Every structure is written in C-alpha cells, then in structure tokens.
K.L.:
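The structure under discussion is supplied below as structure tokens; questions concerning it will follow.
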Amino acid sequence: MPAFAVGKAAAGGCDVAQGEWVYDEAARPWYAEEECPYIQPQLTCQAHGRPDTAYQHWRWQPRGCSLPSFNATLMLEMLRGKRMLFVGDSLNRGQYVSLVCLLHRSIPESSKSMETFDSLTVFRAKNYNATIEFYWAPFLAESNSDDAVVHRIADRIVRGTSIEKHAKFWKGADILVFNSYLWWMTGQKMKILQGSFEDKSKDIVEMETEEAYGMVLNAVVKWVENNMNPRNSRVFFVTMSPTHTRSKDWGDDSDGNCYNQTTPIRDLSYWGPGTSKGLMRVIGEVFSTSKVPVGIVNITQLSEYRKDAHTQIYKKQWNPLTPEQIANPKSYADCTHWCLPGLQDTWNELLYSKLSAPTQIPMHPSAMQSLAVAVVALLASAAPFFPVAGAQGGEAAAAFAVGAAPEGCEVGEGEWVYDEAARPWYAEEACPYIPPEMTCQAHGRPDSSYQHWRWQPRGCSLPSFNATVMLEMLRGKRMLFVGDSLLRGQYISLLCLLHRSIPDASKSFETVNSLSIFRAKNYDATIEFYWAPMLAESNSDDGVAHEDRVIRGAAMNKHSNFWKGADVLVFNSYLWWITDSKIQILRGADDDMSKDIVEMESSEAYRLVLHQVTRWVDQNVDPKNARVFFVTASPTHDGCHKQTTPASAADGDAASATTSRRMQQVAGEVLASSPSRVPVGVVNVTAMSVPRRDAHTQTYREQWGTAAAATAATAARQSPEEVAADCTHWCVPGVPDAWNELLYWKLFFPVRDQAI
C-alpha cells in the first residue's frame with residue numbers, strides 16, 4: 001500500500017480523465033471566493049467584476065466511476081506532522097492555493113498562517129503540525145526565470161539538467177507535487193546553457209523542446225529515486241493545463257477567445273491545438289521508468305473543455321491598460337490561468353483520489369461507506385491508545401464505535417488549559433446558526449478569553465474533534481437532541497463545529513414548532529433538536545412561550561412520536577425540574593375541563609419520567625444500529641457577571657456553582673438500574689462545567705425583560721447588570737463545544753459508564 005493510502009481501488013478502476021462536466025449548484029463550489037483570504041488578486045474573478053458565477057458550479061463526473069468527495073479533515077489528518085510541497089509554475093501555484101482554500105476552514109484561525117520567503121510560500125496548519133508549501137521553479141531545472149516575482153523574460157534559458165539550486169528546498173518533503181509545461185511552450189527549440197549563469201562567456205546551444213523537456217524530467221526522476229522513500233512519501237506530476245486563445249478551435253465562427261465564454265465545450269473529442277501531445281508523451285515515457293512510483297494527475301482532457309473557467313479580464317492587471325485594450329477587452333484576456341474557486345479545485349479532487357487510493361475508485365453503492373471506514377480508520381490510528389473496535393469480552397461493538405476507551409480514563413475529571421492555538425474551533429461570526437441569546441461578542445462582551453480554554457482529562461486525552469469523520473458516520477442518518485435550552489446550546493455548538501465542512505448550497509436550517517432541522521444534503525443526513533424540557537408532556541412544551549411548569553405524569557407519546565427513527569438520540573432534562581422541592585403533576589389531559597393536579601416530590605417525579613424514557617428506548621431503539629446518550633446537569637454560577645477566568649481549586653466556594661446532587665443521584669440510579677437492552681451513554685458535563693463561571697452569557701446577549709430586571713435590582717439593592725446577568729446559559733463558541741468533544745468521544749470510543 002503506498003504511503004498515505006487509506007484503501008485500494010478495485011482492479012482495473014477507471015480513467016477519471018474521461019467523463020463530462022455536470023452543472024451542480026448544490027455541490028459546487030466548495031468554498032466562496034471571499035471566504036478564502038489566500039487567493040491572489042490575479043485569480044479573484046468575482047472581486048474584479050466577473051458578472052457570472054456559473055463557472056464555479058460545474059462538477060467533473062468520470063465515465064463509469066465516481067471521484068471520492070474531497071474530505072478536508074481526512075486530508076489534514078493524513079498530513080499531520082508532514083510536509084507537502086508543490087513545485088512548478090503559476091498554474092501549479094493556482095492548484096496550491098486551491099488546496100489551501102479547500103482545507104483552511106477546518107483549521108482554527110489562530111492555528112494557521114501563510115508567509116512567503118523568496119521562491120517559497122509556506123502555509124502552516126499548526127494544530128496538525130503540518131505545512132503545505134509552494135516552490136517557484138517553472139522549468140524545474142535552473143533557469144533565467146527563477147525569480148518568483150520578476151520572471152517575465154521573453155528569451156528563456158534553461159541550465160541543462162542542473163536542479164540542485166532548487167532541489168535543496170525539496171528535501172524532506174513527504175508529498176511532492178510537480179508540474180512544468182507552460183514555460184516550455186516558446187517554440188520548437190529551447191535554449192540550453194551548458195555552463196553557469198555566472199560565467200562571463202555563456203555557452204548556449206539550442207535543443208528540440210521535447211528533447212530538452214525529457215532531459216530535465218529525467219533529472220527530476222533521478223533526484224526522486226535518490227531522495228524519496230516510497231514507504232513513507234509520495235510523488236505526483238500534474239499534466240499540462242490547456243489554453244483557449246482561439247474560439248474557432250471549438251467551432252465558434254467569431255474571431256474571439258475565452259473572453260465572455262460562460263459554458264464548457266460539449267464536444268468530448270475536443271483537444272486544443274495549444275496542447276502538445278508530444279510533451280504529453282514525454283511525460284508518460286519518462287515517469288514510467290522511475291524506480292520510485294510517480295503518480296500522474298491527468299488534468300489535461302477535463303480542462304480542455306473549460307473555455308469558460310479562465311480569469312479572462314477579471315483579475316488584477318499588472319500594467320495600466322491602453323485605450324486600445326480597453327476598447328477591445330479580448331485583446332488582454334488571460335486565457336491561461338483559472339478563476340478560484342473553479343476548475344483547479346477539481347484538479348485537487350483528482351490529486352486527493354490519487355493520494356488516498358493508488359487508482360481511481362469504481363462506482364459502487366458502498367463506495368462512500370468504504371471511504372467512511374477509511375476516514376474512521378485514520379481517526380483510530382491518530383489515537384493509538386484506543387484499542388481497535390470490535391467485540392470485547394463477548395460483547396458486540398456499539399453502533400458507530402471505532403474503538404474502546406482506555407481503562408481508567410474518566411474524561412469528566414481533569415482541568416481547563418488555556419490554549420489560544422487550538423481554541424476556539426470556529427469564530428462566533430462564522431456560524432450563522434447561533435441565536436442572539438448566545439452571541440456574546442456581538443452583544444459587546446469585551447473579553448474573548450472564555451473561548452480559549454481546552455478541557456484536558458486527567459490521565460488520558462480526548463481525540464481531536466473531526467468534523468468530516470462525524471459527518472461521514474452520520475451519512476444517511478438522523479441525529480436528534482431532545483431537551484431544554486441548554487441542550488439546544490449544545491446542538492447549536494455541534495452545527496457550528498460541522499457546518500464549515502459542508503458546501504453552502506448543500507446545507508439548510510429550518511424550525512417547525514418544537515423541531516429544528518439542520519440538513520447536510522450531500523451527506524443525506526439531518527441533525528435535529530426537539531424542545532421537550534421535561535421529556536414528559538408539560539405545559540411548557542411550547543417552543544417559544546414556556547413559563548409555568550406542570551407535567552402530565554409520565555405521558556410522553558406527544559413527544560416520542562418525533563423521536564422514532566433517530567439513529568443517534570441525545571437527551572437531557574434537568575434545569576426545568578429545579579423549581580421547588582415539589583412539582584405539580586396533571587393526572588389527566590390538558591384539555592380536561594376539570595384538571596386533577598397533585599403535588600409530588602420533584603426528585604421522585606424526575607425518577608418517574610426517566611424510567612418512562614428508558615422504557616421507550618428499550619421498545620423503540622435497536623442497539624445494533626443506533627445509540628442513545630444522556631447529558632448530565634449543567635451548573636449555574638451565582639454572581640457570574642464580569643467573571644473572566646475559570647474558578648480554580650484554590651477558589652473553593654468562589655466558584656458559586658449550583659447543581660442538585662439529588663437530581664444527579666436519581667439520574668444515575670435510573671440509568672444504572674435500567675433493564676433496557678439499549679445502553680444509554682452518560683455524557684457527564686457537570687464536573688467539567690463547574691469551574692466555568694466565566695463562560696456564561698452574563699449580560700452579553702439579547703435581553704428579553706430588562707425593565708423587570710431593573711425593578712428587581714432596585715428591590716434587591718443590586719445593579720441592574722447583576723440581576724440581568726444570565727448565569728445559566730453559555731456563550732457559543734465556548735463550553736458547549738467541550739460537551740460535544742465528550743459526546744464525540746462517547747460515540748466513537750464508548751466505555752462502560754461510571755455512576756453519575
């Protein structure tokens with residue numbers, strides 16, 4: 001198996017270079033131009049006035065097979081601790097930038113950077129200890145065009161097979177992606193320097209371009225054989241990128257070029273005259289002799305069709321336009337380079353398929369499932385202390401599990417570590433699903449340190465949350481959160497953690513009464529939240545107006561009708577039970593004219609309802625293909641206003657955290673003693689949340705009753721801010737993200753739950 005491969009393609013495979021472009025607004029583009037800050041101005045077509053966007057929406061569909069969907073997190077996991085280097089010209093740089101755009105949204109802002117040193121550009125993914133780099137060497141060998149900025153030289157000269165000047169920068173790369181073609185297209189002959197550029201008298205000879213091209217590629221092959229270990233590294237060569245400079249070539253009678261072209265060429269036999277089949281043949285001949293396999297990323301034929309995808313005139317112009325050019329835009333149209341997002345994202349899909357499998361993946365119903373297994377296998381390998389998933393001690397592995405947690409690791413015990421490099425996972429303003437009652441920064445919170453704390457369990461580590469693994473495991477599934485506003489906060493947090501891995505056109509969010517539904521269309525998955533603060537039917541079941549609290553015994557059919565069919569169920573119920581020592585129970589229906597209401601100890605009523613939930617789970621959930629979780633109590637913190645740091649052990653009572661030990665005890669007893677054949681995983685967020693007095697929304701949220709708060713403040717001789725401070729709910733991003741890390745850990749690496 002080649003290095004970095006996560007599976008083998010079927011024998012024979014298919015040729016991904018043969019196929020057609022399919023218009024697909026739902027799945028393309030992978031990102032928006034304005035969302036990627038790394039695109040150079042010569043490739044930002046929308047920013048420079050291009051009136052159409054259709055060129056962004058075409059998806060390449062090979063004939064008889066499918067490309068695996070590009071998986072940013074899998075790619076980053078493969079690159080963990082590695083160095084990936086692109087070497088070539090401006091077209092290879094465009095592909096490099098495309099890859100950075102495809103990946104960067106999966107990396108926290110504080111964990112990524114890009115800088116340029118002369119010919120070398122380095123993008124760092126710090127939380128993966130990985131770099132993705134580009135090195136300017138348009139001929140691969142030394143030439144008089146090696147300056148990364150000033151290289152517009154009409155008289156191009158290559159210094160024979162001398163590559164040492166460049167190759168010293170290539171050493172140590174784990175993945176090398178070469179290209180070299182455009183700069184060779186000067187004519188039938190190429191000038192070759194037989195000495196040094198420093199020699200006063202230069203010995204320059206002319207050589208047939210194909211012969212010189214083969215000579216340089218052979219030098220590259222020799223370097224690869226001497227410097228690359230195929231057991232832990234990979235080498236690729238990207239074939240030539242076509243130009244579209246004469247519209248007559250594709251049957252257009254006008255005297256035009258790529259300017260104003262808005263659709264691909266439909267003639268599948270089209271091969272432009274500007275693309276040299278002779279140089280293409282040289283590529284095949286040279287690399288087929290290499291002792292170290294060189295993967296050919298054949299982007300030529302599929303790119304031949306894309307006359308519409310060039311930058312045309314919609315780019316930064318390096319020289320002022322003349323009146324003649326302005327009058328005739330096609331005269332300065334760039335029909336060589338490509339807009340981003342666009343065609344070069346597809347080049348990276350091909351590269352990704354070559355990297356993750358030696359040959360292309362044939363179309364088969366289980367193709368995506370196989371990729372999901374590969375993703376999860378990579379996840380398991382990233383956490384070597386987790387045993388391999390499967391039966392242990394005669395027990396069948398839980399649904400979705402890829403391994404078991406290590407013995408003695410209780411993730412609920414540990415400490416908060418300040419980590420600006422790794423937290424937050426996302427920016428508040430980057431997640432459109434956060435309701436205004438949780439957007440603390442938007443409502444004026446002056447500090448952001450509450451976002452930067454990372455939970456570190458004692459004696460073990462949590463596997464890094466992996467959005468694409470989560471989405472792959474939810475492919476074709478339904479995940480449902482059921483509970484109150486605190487669980488809704490966790491639900492929103494999960495959407496924020498996941499949504500950047502889904503193209504904008506493939507996701508939607510809607511709320512219908514008590515049910516909120518997030519759809520990841522390209523995964524055929526839904527992640528939902530259902531409002532049921534007491535789990536049983538109550539007079540607080542309205543998703544908006546829900547003040548008084550009377551529950552209808554253990555009746556839950558009204559709610560549970562919505563729970564059926566969920567593959568992952570996440571329950572919580574706690575906050576709404578904390579009223580008094582007693583709670584009112586309705587022993588009839590809400591619409592009874594005469595209501596029979598009795599009082600019961602709150603803890604016993606809580607027990608009654610939880611028993612009813614476990615019975616429902618036992619009767620309606622199949623443990624072979626579904627999972628059920630219960631999230632424990634979220635603490636409150638009296639006096640949280642203006643708190644900016646977590647409480648430490650030395651603070652003692654200063655944490656002012658309030659939870660009901662009795663209610664926690666009841667939940668633990670019910671879940672531990674339940675005869676249900678369906679295990680309920682306990683996501684114990686209580687202990688870890690107790691120190692986080694700093695992470696509540698405080699007054700930095702949309703306020704619903706400021707006048708009443710001011711009146712109460714006067715009566716209590718407190719400031720209105722102290723009374724109005726919400727010390728129950730949490731800012732997002734923040735603590736709920738850590739809850740989802742625990743849920744993720746429980747889902748993929750289950751452990752026998754200890755008592756709550």
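Note: hydrogens, waters and symmetry copies are ignored here, and every other heavy atom, side chains too, is used. Bear in mind the structure is a predicted one, so any value in this text is a computation, not a measurement.
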K.L.:
Find out whether Ile283 and Ile296 are in side-chain contact, i.e. whether some heavy atom of one side chain is under 4.5 Å from a heavy atom of the other.
P.N.:
yes
K.L.:
Applying the ring pair (Phe, Tyr, Trp, His ring centres under 6.0 Å) criterion to Phe70, which one of Trp347, Tyr352, Tyr31 satisfies it?
P.N.:
Tyr352
K.L.:
For residues Tyr128 and Lys82, determine if any side-chain heavy atom of one lies less than 4.5 Å from a side-chain heavy atom of the other.
P.N.:
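A side-chain contact is absent here, since even the closest heavy-atom pair is not under 4.5 Å.
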K.L.:
With Trp425, which residues qualify under ring pair (Phe, Tyr, Trp, His ring centres under 6.0 Å), at least two apart?
P.N.:
none
K.L.:
Inspect the contact between Arg454 and Glu741 and indicate whether a charged nitrogen and a carboxylate oxygen are less than 4.0 angstrom apart.
P.N.:
no
K.L.:
Regarding Thr311 and Gln42, do their side chains bring together a donor and an acceptor under 3.5 Å, going by distance alone?
P.N.:
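No donor-acceptor contact under 3.5 Å links the two side chains.
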K.L.:
Sub-3.5 Å donor-acceptor pair from the side chain of Arg423 to the main-chain atoms of Val417, do we have one?
P.N.:
no
K.L.:
Within the distance-only criterion (no hydrogens, no angle test), does the side chain of His452 pair as donor or acceptor with the backbone N or O of Asp419 below 3.5 angstrom?
P.N.:
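Not a single qualifying donor-acceptor pair exists.
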K.L.:
Side chains of Tyr744 and Asn466 only: does a donor on one sit below 3.5 Å from an acceptor on the other?
P.N.:
no
K.L.:
Could you walk me through whether Thr121 and Glu115 pass the side-chain hydrogen bond (donor to acceptor under 3.5 Å, both in side chains) check?
P.N.:
CA-CA 6 Å; Thr121 300; Glu115 52 190 332; over 6 Å; no
K.L.:
Is it true that a side-chain atom of Thr44 and a backbone atom of Ala47 form a donor plus acceptor pair closer than 3.5 Å?
P.N.:
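Here the side-chain-to-backbone pair does not exist.
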K.L.:
Look only at the side chain of Gln344 and the backbone of Asn92, and say whether a donor-acceptor pair between them is shorter than 3.5 Å.
P.N.:
no
K.L.:
Quick one: pull up CZ in Phe237 and CG in Asn179 and give me the separation to the nearest 0.5 Å.
P.N.:
6.5 Å
K.L.:
Among residues at least two apart in sequence or on other chains, which ones pass ring pair (Phe, Tyr, Trp, His ring centres under 6.0 Å) with His337?
P.N.:
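Expected list: none.
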K.L.:
Pair Leu102, Asn348 - check side chain to side chain contact (heavy atoms under 4.5 Å, CB included), show working.
P.N.:
CA-CA 9 Å; Leu102 287 164; Asn348 280 314; 3.8 Å; yes
K.L.:
Classify the ring geometry of Trp184 against Phe139: parallel below 30°, tilted from 30° to 60°, perpendicular beyond 60°.
P.N.:
perpendicular
K.L.:
Output, in order, the C-alpha distance, side-chain angles, deciding distance and verdict of side chain to side chain contact (heavy atoms under 4.5 Å, CB included) for Glu77 and Leu79.
P.N.:
CA-CA 5 Å; Glu77 285 293 347; Leu79 292 176; over 6 Å; no
K.L.:
So, Thr336 and Thr243: side-chain donor and acceptor under 3.5 Å apart, yes or no?
P.N.:
no
K.L.:
For Trp170 and His166, take the angle between the two ring planes, folded into 0 to 90°, and tell me which bin it lands in: parallel under 30, tilted 30 to 60, perpendicular over 60.
P.N.:
parallel
K.L.:
For the residue pair Asn229 and Val292, establish whether any side-chain heavy-atom pair is separated by less than 4.5 Å.
P.N.:
no
K.L.:
Please find out if less than 6.0 Å separates the ring center of Tyr270 from that of Tyr305.
P.N.:
no
K.L.:
Using atom types as modelled and distance alone, determine if a side-chain donor or acceptor of Arg234 lies under 3.5 Å from a backbone N or O of Leu355.
P.N.:
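Between the backbone of Leu355 and the side chain of Arg234 there is a qualifying donor-acceptor contact (under 3.5 Å).
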K.L.:
Do Glu33 side-chain atoms and Cys45 backbone N/O form a donor-acceptor pair below 3.5 Å?
P.N.:
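Looks like yes, one N/O pair under 3.5 Å.
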K.L.:
For the backbone of Leu193 and the side chain of Arg159, can you confirm whether one donor and one acceptor N or O come within less than 3.5 Å of each other?
P.N.:
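Not a single qualifying donor-acceptor pair exists.
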K.L.:
Would you say Glu225's side chain and Lys291's backbone share a donor-acceptor pair under 3.5 angstrom?
P.N.:
yes
K.L.:
Do Leu471 and Asn71 pass the side chain to side chain contact (heavy atoms under 4.5 Å, CB included) test, and can you show the C-alpha distance, the side-chain angles, and the key distance before you say yes or no?
P.N.:
CA-CA 10 Å; Leu471 286 165; Asn71 188 313; over 6 Å; no
K.L.:
Without hydrogens or angle criteria, can the side chains of Arg93 and Gln95 be said to hold a donor-acceptor pair below 3.5 Å?
P.N.:
no
K.L.:
Just so I know, are the side chains of Leu217 and Leu140 near enough to count as touching, which here means a heavy-atom distance under 4.5 Å?
P.N.:
yes
K.L.:
Does the side chain of Ser241 pick up a donor-acceptor pair with the side chain of Trp338 at under 3.5 Å?
P.N.:
yes
K.L.:
Are the aromatic rings of Phe134 and Phe86 close, with centres under 6.0 Å apart?
P.N.:
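So the answer is no for these two rings.
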K.L.:
Checking the side chain of Asn127 only, and the main-chain atoms of Ile107 only, is there a donor and an acceptor separated by less than 3.5 Å?
P.N.:
no
K.L.:
Is there a donor-acceptor contact under 3.5 Å linking the side chains of Lys112 and His104?
P.N.:
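There is such a pair between these side chains.
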K.L.:
Decide yes or no for Trp58 and Leu343: does some side-chain heavy atom of the first lie under 4.5 Å from some side-chain heavy atom of the second?
P.N.:
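No; the side chains remain at least 4.5 Å from each other.
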K.L.:
Of the non-hydrogen atoms in Pro62 and Leu67, which two are nearest, and what is the gap between them?
P.N.:
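What the structure gives for the nearest pair is CG-CG, 4.0 Å.
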K.L.:
Is it true that the side chains of Asp334 and Gln312 contain a donor and an acceptor less than 3.5 Å apart?
P.N.:
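Looking only at side-chain atoms, Gln312 and Asp334 do not form any donor-acceptor pair under 3.5 Å.
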K.L.:
Would Arg281 and Glu285 pass as an ion pair if we require N to O under 4.0 Å?
P.N.:
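Yes, this pair counts.
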K.L.:
Have Asp174 and Asn232 got a donor and an acceptor in their side chains that come within less than 3.5 Å?
P.N.:
no
K.L.:
Step by step, would you call Trp745 with Trp455 a ring-ring contact (aromatic ring centres under 6.0 Å, His included)?
P.N.:
CA-CA 13 Å; Trp745 184 82; Trp455 179 248; over 10 Å; no
K.L.:
Hey, does Val238 have a side-chain heavy atom less than 4.5 Å from the side chain of Phe178?
P.N.:
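Side-chain contact under 4.5 Å: no.
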K.L.:
Can you confirm whether Lys189 is buried at NZ, in the sense that more than 12 heavy atoms of other residues, nucleotides or ligands lie under 6.0 Å from that atom?
P.N.:
yes
K.L.:
May I ask you to decide if Pro424's main-chain N or O and Glu420's side chain share a donor-acceptor pair within less than 3.5 Å?
P.N.:
no
K.L.:
Would Arg475 and Glu472 count as a salt bridge (Lys or Arg N to Asp or Glu O under 4.0 Å) here? Give the steps.
P.N.:
CA-CA 5 Å; Arg475 186 178 290 279; Glu472 285 293 349; 3.2 Å; yes
K.L.:
Do the non-hydrogen side-chain atoms of Ser276 and Tyr181 ever get within less than 4.5 Å of each other?
P.N.:
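Contact flag for Ser276/Tyr181 side chains = yes.
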